[in-house]
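What you see is a predicted model; the values in this text were computed from it and never measured.
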Amino acid sequence: TRRDLQSAAKSKGLPWDSSKAFDQSAPISAIVPASASIHSAMERAKINLSVNDEIRQIATLDQMIWSTREIIHQLSTLFHLQPGDLIFTGTPSGVGPITAGDKIEATVE
């Protein structure tokens, strides 16, 4: 999140989606398709984020307010979703600043 853009928009009562979607805001690795067996265990999947080898965030998908099925269902009423589409949601506690050169690693187990 670009906190500068978010703060400026919020102070004017404007939407702050531009603070979430800006050039190079969502770098990702190659997409690895999930096996069929993972779908039944998906809600228990553990998400980890580390910065410079220091764990910043750990959570499981079942801690989200809405399940992945509910999120996909709702979004599919608004958008034509296709295999390979990425859905970005909020994050667990541990959000903090990063700087150029930081090594960021995220995993889903």
To the nearest 0.5 angstrom, please state how far the OG atom of Ser76 sits from the CD atom of Gln82. 12.5 Å
Kindly work out whether a path of hydrophobic side-chain contacts (I/L/V/M/F/W/Y, heavy atoms less than 4.5 Å apart) joins Leu61 to Ile87. yes
Run Ile47 and Ile58 through side-chain contact (heavy atoms from CB on, under 4.5 Å) and show every step you take. CA-CA 6 Å; Ile47 303 168; Ile58 297 178; over 6 Å; no
If you round to the nearest 0.5 Å, how far is CG of Leu81 from NE2 of His73? 11.5 Å
Using the rule that two of Ile, Leu, Val, Met, Phe, Trp, Tyr join whenever any of their side-chain heavy atoms come within less than 4.5 Å, decide whether Leu75 and Ile65 are in one cluster. yes
Between CD of Gln6 and CH2 of Trp16, what distance do you get to the nearest 0.5 Å? 4.5 Å
Roughly how far, to the nearest 0.5 Å, is NZ of Lys103 from CG of Asp53? 4.0 Å
What's the verdict on side-chain contact (heavy atoms from CB on, under 4.5 Å) for Arg56 and Ile98, showing C-alpha distance, side-chain angles and the deciding distance? CA-CA 11 Å; Arg56 292 258 185 106; Ile98 56 170; 4.2 Å; yes
No-hydrogen, no-angle side-chain donor-acceptor test under 3.5 Å, Lys46 and Thr60: no
When you measure from the side chain of Asn48 to the backbone of Ala106, do you find a donor-acceptor pair of N or O atoms at a distance under 3.5 Å? no
Nearest non-hydrogen partners of His80 and Asp85, listed with the distance: O-OD2, 3.8 Å
Met64, Ile72: one ILVMFWY side-chain cluster at the under-4.5 Å cut-off? yes
Could you grab the distance from atom CG of Asn52 to atom CD1 of Ile104, nearest 0.5 Å is fine? 8.0 Å
Gap separating the CG atom of Leu14 from the NZ atom of Lys12, nearest 0.5 angstrom: 7.0 Å
Using every non-hydrogen atom in the two residues, find where Ser19 and Leu5 come nearest and quote the distance to one decimal. CB-CB, 3.9 Å
So which heavy atom on Thr1 is nearest to which on Lys20, and how close? OG1-NZ, 2.7 Å
Taking all non-hydrogen atoms of both residues into account, name the closest pair between Ala9 and Pro15 and its distance. CB-O, 3.4 Å
Can you tell me if Glu70 uses its side chain to pair, donor with acceptor, with the backbone of Ser67 under 3.5 Å? yes
